[in-house]
Amino acid sequence: MEKIASLRGFRDISGEEAEKFVRIELVSRAIFELSGFREISIPILEKTELFKRSIGDTTDIVEKEMFTFIDRNGDSLTLRPEATAGVVRHYLQEALHARERISRLFTMGPMFRHERPQKGRFRQFHQVDVEIFGAAEPIVDAELLWMITRMLDRLAVKYYAIEVNSVGCKACREPFKEKLVAYFSEKKEALCPDCQNRLYRNPLRIFDCKSQACIELGKESPLIFDHLCENCRAHFETLTRYLAEFGVDPVFNKRLVRGLDYYTRTVFEVTSGELGAQKAFLAGGRYDNLVEEMGGPSVPGIGFAIGMERLALIMSSSQISKGLKYFLALIGDKAAAYRIPVIKALAERDIPISYSPNPKSLKSQMRHADSIGTDYVMILGEGELEKGIILVRNMRSGNQAELPLDTTSLAGRLQTLVLE
RNA sequence: GUGAGUGUAGCUCAGUUGGUUAGAGUACUGGGCUGUGGUCCCAGGCGUCGAGGGUUCGAAUCCCUUCACUCACCCCA
């Protein structure tokens, strides 16, 4: 029989990585709920149209990276490549704009993009997604960045950089695009083929290019940051003041742009040098027009997504001290009668208990106990049965003690046992 | 989608200019120690050498095809 393996880019999350995922989830909930966010869960599958309209028709994600298929009834469906679109859909579908002035939501789960996998990039990957609807003021931009630093602090992530920029609003972007196209058109021959194509479709993205020629040209080009309208400039300046008050110290990167069309004004990325080519493990920004463009009222929004796989890569190994572990070793059929009663008694008192399903020699059971990091082994055989006791051995020191063989009192006695 | 690199035991990897029965470490199981783990010693099982085809008396080794993984590009969390 041929073995069946998981699909390319679809992985099992296990071992240390799984523990880190749980820590990310726990810390996320703790931090975000403190700031008034509530957790929601939204579908993985949506109508393709939702993503086309929110992310943008001409983005790479929509053009070539979505898992899209035709359903039995002819609808085009897509596995979500990011979470914001679905959260906006939820916001409108539940009419949250009519029920509360500000909505603070977060969600977590798998996302899907049909890309070639590499370090820190997979076809199914996981994000924690955080969104605020209904607040245009720069204080929430600052608050989000501050929450991010608290979260990374709590997860003991030390070496990272927060990059911030403003990409302006409609009012300042259209005139700027014309300037940009004018600038690059003069030097079109020097651009790489990709960027020659980008020039008319999405000129802002030329700044993302890694080809040396385009980087050189980009150094001299006009920047959106230098052509912000008055309101956008004021927003950004207030943001920097608030960031200082929060004690957040970002890097201002005038060249930072994002791959999704809906961003306005504040955009940011958190990067780590340990991640290889995909150095951003968190990214987000403001999207003041998205809700309206999705058919809702004019409601501003801002949010970010954390790439859990990438974050896990830069988290140090967890050293959470777990409770003491116990192991039950049995010799002989008579002793085996105590197995289930003892296991039940300890588990009911929340004491971690393991055993060998097929107890052979005591030696083999001791090896088993040792291999799983047991702190105390309880030994029960003929001798103990005769004396009416159970032996408890401290696996670190080798010292042993005797306790009465009485399942109703055993758990309590173990909890108060002092055995150096 | 493009490029490069790598596929040999559960894991990490040796394997000479093609040569007989493919190895080591680790892990696992058992024993030395008949009721006591870790250290030590001994023993044991394990492989369709990624898959398919070709060259050859003979292929893990050379050639072709294919698949998978990894890294990078594009782009992105």
Side-chain angles (χ1 to χ4, degrees), chain A residues 1-9 11 15 24 55 58-66 80-84 108-130 192-195 197-198 202 205 208-211 214 257-260 268-272 275-285 303-314 327 329-332 335 356 358-385 391-400:
Chain A
M1 280 283 279
E2 198 182 331
K3 275 186 244 172
I4 297 176
S6 61
L7 295 167
R8 181 198 296 265
R11 340 162 24 249
I24 293 170
I55 298 168
T58 62
T59 55
D60 280 24
I61 291 178
V62 170
E63 280 189 339
K64 53 182 197 185
E65 291 171 4
M66 296 204 302
R80 61 182 186 191
E82 58 106 48
T84 302
M108 37 185 116
M111 309 294 156
F112 305 84
R113 289 183 202 171
H114 195 115
E115 295 182 282
R116 200 65 171 263
Q118 63 189 79
K119 187 178 176 70
R121 173 198 287 173
F122 310 100
R123 290 186 172 179
Q124 175 174 336
F125 58 102
H126 298 78
Q127 290 186 339
V128 179
D129 186 78
V130 181
C192 72
D194 278 332
C195 284
N197 189 25
R198 285 186 190 122
N202 207 340
R205 301 274 288 288
D208 260 349
C209 187
K210 272 118 190 157
S211 103
C214 301
V257 289
R258 316 254 56 254
L260 286 65
F268 51 90
E269 251 179 35
V270 185
T271 59
S272 164
L275 286 174
Q278 281 67 235
K279 63 195 179 91
F281 62 90
L282 184 158
F304 65 87
I306 302 166
M308 293 176 69
E309 282 83 357
R310 291 183 186 177
L311 178 54
L313 278 174
I314 57 173
F327 189 96
L330 299 165
I331 308 143
S356 291
N358 54 344
K360 295 177 192 166
S361 65
L362 180 59
K363 182 196 192 78
S364 73
Q365 294 181 73
M366 293 299 285
R367 279 187 180 165
H368 182 177
D370 186 59
S371 72
I372 60 175
T374 301
D375 299 289
Y376 291 96
V377 174
M378 287 167 285
I379 300 169
L380 185 60
E382 296 286 335
E384 287 75 18
L385 284 172
L391 213 53
V392 182
R393 177 183 178 86
N394 180 323
M395 292 294 275
R396 201 174 302 278
S397 66
N399 294 331
Q400 302 190 159

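Just so it is clear: chains get the letters A, B, ... in the order the sequence lines come, proteins before strands, and each one is counted from 1. Any value given below was found using the heavy atoms of this structure, including those in side chains, with hydrogens, waters and symmetry copies removed.
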### Q127(A) side chain near A77(B) phosphate (N/O to OP1/OP2, under 4.0 Å)
no
#### Entry: Contact under 4.0 Å: R367(A) side-chain N or O vs G38(B) OP1/OP2
yes
Go through [options] for me and flag the one nearest to the [X] side chain.
X	options	result
M395(A)	G37(B), G35(B), A77(B)	G37(B)
M366(A)	U36(B), U29(B), C71(B)	U36(B)
R8(A)	C69(B), G35(B), G30(B)	C69(B)
R310(A)	C76(B), U36(B), U29(B)	C76(B)
F281(A)	U36(B), C74(B), A77(B)	A77(B)
D60(A)	C28(B), A77(B), C74(B)	C74(B)
S364(A)	G38(B), G30(B), U36(B)	G30(B)

### Query
What closest approach, in Å, do F112(A) and Q124(A) show between heavy atoms, and which atom pair accounts for it?
CE2-OE1, 3.4 Å
At less than 3.5 Å, do the side-chain atoms of [X] and the base atoms of [N] form a donor-acceptor pair?
X	N	result
R113(A)	A77(B)	yes
R116(A)	G1(B)	no
Q365(A)	U36(B)	no
E63(A)	G1(B)	no

### Query
If you pin R121(A) and A283(A) to their nearest nucleotides in RNA chain B, which one's is more 5'?
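Looking at RNA chain B, the more 5' nearest nucleotide goes with R121(A).
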### Query
Between P117(A) and G398(A), who's closer to the 5' end of RNA chain B by nearest nucleotide?
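Residue closer to the 5' terminus by nearest nucleotide: G398(A).
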### Query
Distance between the P atoms of C71(B) and U16(B), in whole angstroms?
28 Å
### Query
Does R310(A) use its side chain to pair, donor to acceptor, with the backbone of G120(A) at less than 3.5 Å?
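Confirmed, R310(A) side chain pairs with G120(A) backbone.
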### Message
What is the separation between atom NZ on K119(A) and atom P on C73(B), rounded to the nearest whole Å?
### Response
13 Å
### Query
Taking C-beta and beyond as the side chain, do R123(A) and H114(A) meet within less than 4.5 Å on heavy atoms?
yes
### Query
Across all strands shown, which nucleotide pairs with U61(B) by Watson-Crick or G-U wobble geometry, both distances under 3.5 Å?
none
